[in-house]
Amino acid sequence: MNNIIKKVVILGGGTAGWMSAAMIKKLIGSAVEIELIESEQIGTVGVGEATIPPIKLFNSVLGIDEAEFLRETKATIKLAIKFENWKNQGDSYYHTFGAAGRSLAFCQFHHLLKRANQLENDQHLWQYDLNYLCAEAGKFAKINSQDPIYDMPYAYHFDAGLYAQFLRKFSEKIGVKRTEGMVQHVQQCQESGYIQALQLTDGRQIAGDLFIDCSGFKGLLIQEKLATGYEDWSHWLQCDRAIAVPSERLEKTLPYTRSIAHSAGWQWRIPLQHRNGNGLVYSSRYYSDQQAQDLLLANLDTKPLAEPKLLRFNTGRRRQQWNKNVVAIGLSSGFLEPLESTSIHLIQSAITRLVHLFPHQGINDVLVSEYNKQSKIEFEQVRDFIILHYHVNQRTDSRFWQDMRTLNVPDSLAHKIELFAESGRLFKEQDDLFQDSSWLQVMVGQGIIPKDYHPIANSVSEAALNEMLAKVKHAKHEPVSSLPSHDEFLKAALKQ
Ligand SMILES: Cc1cc2nc3c(=O)[nH]c(=O)nc-3n(C[C@H](O)[C@H](O)[C@H](O)COP(=O)(O)OP(=O)(O)OC[C@H]3O[C@@H](n4cnc5c(N)ncnc54)[C@H](O)[C@@H]3O)c2cc1C
């Protein structure tokens with residue numbers, strides 16, 4: 001099959017569907033017609049509130065004004081995730097979007113800290129991190145400086161339902177056709193197995209050349225029709241359920257997500273302008289649904305605003321995220337729990353990949369296999385980073401945490417942990433979403449202190465090292481006091 005792609009049909013109007021529609025129309029819309037089908041009767045998954053910094057690039061490619069976006073999606077600023085009780089009960093650490101200190105040529109900053117005996121006390125690292133200092137102080141503003149020492153990468157917390165609506169308006173304005181209706185039958189070519197058209201319950205037929213399956217967990221096209229198969233990772237990531245509930249907003253809006261570990265799972269607290277998002281991710285082997293719900297409701301900061309909602313999931317990925325003329329994007333392509341807020345990013349990156357590999361002259365095996373290879377590597381890298389948080393823990397208070405500790409982790413992760421523990425060496429795998437600074441913070445935060453440091457750290461004298469560390473620390477602390485609070489920033493930004 002090698003037909004020129006003239007029409008793209010997107011099935012699903014959740015975050016994945018509308019992000020796909022907006023970006024594909026914006027970038028290649030002059031060459032293809034785009035129609036999105038969604039069913040209000042089915043609705044969307046209705047969760048997904050925390051993001052990571054590349055979302056800013058997504059919005060900026062679409063030409064979205066930040067103030068309008070903040071207003072329309074009730075967004076707040078996210079500088080970090082605070083992990084509480086993960087290493088041990090009572091401990092906490094941050095995974096910030098920033099990087100600690102300033103590295104020398106060929107020598108990452110943490111080797112210098114190790115040499116100065118400042119890595120042993122796991123609080124030192126963050127004293128050199130502007131994101132951490134602002135998160136703790138509840139402050140935020142964009143610092144106008146070319147000096148990378150003042151870089152403060154950020155992302156957003158937002159209402160994913162409002163984001164989808166915002167992108168729907170945007171997409172319809174630039175020419176995406178939206179069709180309300182429920183798909184009942186899928187027509188497939190007998191010979192090639194390619195999807196030809198989707199038939200709605202009222203009999204309407206929507207034909208296309210390329211179909212993007214954004215139908216959520218069930219994967220109506222990629223799985224129910226094409227039986228693509230699923231690689232199950234639940235032996236590594238054993239949480240398989242979540243209970244979510246919104247609650248009243250806190251008086252002071254934190255510029256970070258809280259991730260609080262419990263005896264068999266963890267709880268998120270996400271501050272939005274109008275409410276808090278809360279949820280408990282847990283393993284059904286260790287908690288009943290009732291226990292999980294009781295635990296969540298007993299651990300809210302503020303009054304719940306709705307009935308708790310139970311969500312079941314199966315951690316893993318679709319064996320081929322592009323199969324025949326169907327590309328699965330969003331929940332239909334696989335799922336990794338929201339510990340590092342990666343799902344919306346995986347949507348963004350799948351769309352980017354599809355745009356790069358867009359089969360304008362027709363679908364061929366080379367494009368499909370390149371797409372599938374890149375998607376597989378990306379999912380596996382994120383998977384490893386998430387497993388790290390669970391595996392490297394020192395908790396002795398519950399069976400769950402002990403089981404996580406003794407888990408046989410993927411070889412790729414075991415190697416990374418060993419390399420760091422021995423000599424502090426950290427290498428970013430090609431295209432790994434998470435930079436060295438992310439791996440460093442989670443490894444140190446979870447209690448891995450390397451035995452040694454790189455000898456290049458000895459290239460400066462002890463006096464020069466101490467002076468340099470003091471200067472860097474001063475530079476990182478210095479701007480914080482003059483920055484507005486996060487709430488003051490939001491108030492000013494929303495007025496624009
Ligand atoms: C507990 C939990 C917490 C999460 N937290 C985060 C987070 O903090 N950060 C993050 O990045 N991500 C998070 N996610 C993931 C995020 O919610 C999803 O990645 C995102 O919402 C995309 O969902 P979707 O569009 O793929 O699917 P859905 O929202 O389920 O949308 C599916 C769409 O398909 C349509 N549809 C289905 N069947 C048919 C049919 N037969 N006919 C017509 N239309 C149909 C539906 O109407 C709907 O429009 C979380 C997920 C879960 C489960």
Side-chain angles (χ1 to χ4, degrees), residues 9-21 35-52 54-55 58 78 81 155-165 167-168 178-186 198-202 204 206 211-225 239-245 257-259 265-270 272 277-282 292 296 308-315 318 328-351 382 433:
V9 175
I10 299 173
L11 172 58
T15 320
W18 283 115
M19 283 178 76
S20 304
E35 181 164 355
L36 182 146
I37 307 166
E38 66 178 320
S39 159
E40 272 167 17
Q41 213 179 315
I42 296 176
T44 64
V45 68
V47 278
E49 295 160 330
T51 60
I52 56 175
I55 188 82
F58 187 86
K78 176 181 169 191
I81 303 175
Y156 309 106
H157 304 117
F158 60 55
D159 182 320
L162 293 179
Y163 187 53
Q165 280 174 33
L167 292 181
R168 172 181 162 187
R178 172 186 181 271
T179 295
E180 170 63 36
M182 197 188 296
V183 172
Q184 195 173 38
H185 294 296
V186 180
L198 308 182
Q199 190 182 327
L200 308 185
T201 43
D202 61 9
R204 278 177 293 166
I206 292 151
F211 290 81
I212 304 187
D213 186 346
C214 298
S215 64
F217 281 126
K218 65 180 171 236
L220 192 83
L221 307 180
I222 196 81
Q223 188 55 36
E224 290 187 3
K225 195 66 193 177
C239 290
D240 56 356
R241 293 194 187 176
I243 295 195
V245 71
T257 303
R258 288 179 68 193
S259 165
W266 62 277
Q267 180 185 346
W268 76 77
R269 284 196 188 151
I270 297 178
L272 306 181
N278 308 275
L280 183 81
V281 174
Y282 61 99
L296 176 65
K309 180 175 173 182
L310 174 68
L311 297 131
R312 294 184 172 82
F313 54 82
N314 187 6
T315 297
R318 208 59 71 193
I329 296 186
L331 298 173
S332 63
S333 71
F335 186 70
L336 287 159
E337 60 177 79
L339 187 59
E340 284 286 353
S341 324
T342 42
S343 287
I344 291 173
H345 177 77
L346 290 171
I347 294 171
Q348 171 177 347
S349 125
I351 297 167
V382 175
L433 169 63

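Atoms within each ligand, like the ligands themselves, are counted from 1 in listed order. Computed from heavy atoms alone, side chains included, the values below leave out hydrogens, waters and symmetry copies.
Contact analysis leaves Gly279 out of contact with ligand 1, as no non-hydrogen atom separation drops below 4.0 angstrom. The closest approach between a heavy atom of Gly43 and any atom of ligand 1 is below 4.0 Å. Ligand 1 is approached by Lys218 to a heavy-atom distance shorter than 4.0 Å. Using a 4.0 Å cutoff on heavy atoms, Leu11 counts as a contact of ligand 1.
When heavy-atom distances to ligand 1 are checked against a 4.0 Å cut-off, Ala244 has no atom that comes that close, whether in backbone or side chain. Heavy atoms of Glu337 found under 4.0 angstrom from ligand 1: none, in either backbone or side chain. Both the backbone and the side chain of Ser39 come within contact range of ligand 1, each with a heavy atom under 4.0 Å. Residue contacts with ligand 1 for Ile347 involve side-chain atoms from C-beta outward but no N, CA, C or O (heavy atoms, distance under 4.0 Å).
A distance-only check finds no donor-acceptor pair linking the side chain of Asp240 to the backbone of Asn314 [under 3.5 Å]. Between the side chain of Lys78 and the main chain of Thr51, a donor-acceptor pair closer than 3.5 Å is present. With hydrogens and angles ignored, the 3.5 Å screen pairs a side-chain donor or acceptor of Ser39 with a backbone N or O of Ile42. Although no hydrogens or angles enter the test, the distance criterion places a donor-acceptor pair under 3.5 Å between the side chain of Arg318 and the main chain of Ser332.
A salt bridge links Arg178 with Glu38: at least one charged nitrogen is closer than 4.0 Å to a carboxylate oxygen.
Every pair passing salt bridge (charged side-chain N to carboxylate O under 4.0 Å, His left out) that includes a residue from residues 41-52 is listed here, sequence neighbours excluded: Glu49-Arg275.
Residue Ala242 has at least one heavy-atom neighbour below 4.0 Å for each of these atoms of ligand 1: 1 (C). Contact atoms of ligand 1 toward Ala50: 7 (C), 8 (O), 9 (N), 10 (C), 11 (O) (distance under 4.0 Å to a heavy atom of the residue). Near Gly181, meaning under 4.0 Å from one of its heavy atoms, ligand 1 places the atoms 42 (N), 43 (C). Of all atoms in ligand 1, numbered sequentially from 1 with element shown, those under 4.0 Å from a heavy atom of Val183 are 40 (C), 41 (N), 42 (N), 43 (C). Counting atoms of ligand 1 from 1 in the listed order, those under 4.0 Å from a heavy atom of Gly330 are 26 (O). Set against the non-hydrogen atoms of Trp268, the atoms of ligand 1 under 4.0 Å away are 1 (C), 3 (C). The atoms of ligand 1 that sit less than 4.0 Å from any heavy atom of Ile344 are 10 (C), 11 (O), 12 (N).
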Might you work through the side chain to side chain donor-acceptor pair (under 3.5 Å) test for Glu337 and Thr315, ending with a clear yes or no?
-> CA-CA 7 Å; Glu337 60 177 79; Thr315 297; 5.4 Å; no
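Put simply, the side chain of Trp266 reaches to within 4.5 Å of the side chain of Ser259, judged on heavy atoms.
Screening Leu221, Ile10, Leu11 for a side-chain contact (heavy atoms from CB on, under 4.5 Å) with Ser215, the sole residue that qualifies is Leu11.
With hydrogens and angles left out, the side-chain atoms of Trp18 and Gln165 include no donor and acceptor closer than 3.5 Å.
Residues satisfying the ring-ring contact (aromatic ring centres under 6.0 Å, His included) test with Phe58, not counting sequence neighbours, are none.
Residues Phe217 and Phe313 keep their aromatic ring centres 6.0 Å or farther apart.
Across the listed options Cys214, Gly334, Gly216, Cys214 owns the non-hydrogen atom lying nearest to atom 33 (C) of ligand 1.
Not one N or O of Phe313 is nearer than 3.5 Å to an N or O of ligand 1, by distance alone. Taking only nitrogen or oxygen atoms, main chain and side chain alike, Gly12 does not reach within less than 3.5 Å of ligand 1. The distance criterion of under 3.5 Å between nitrogen or oxygen atoms is not met by Phe335 with respect to ligand 1.
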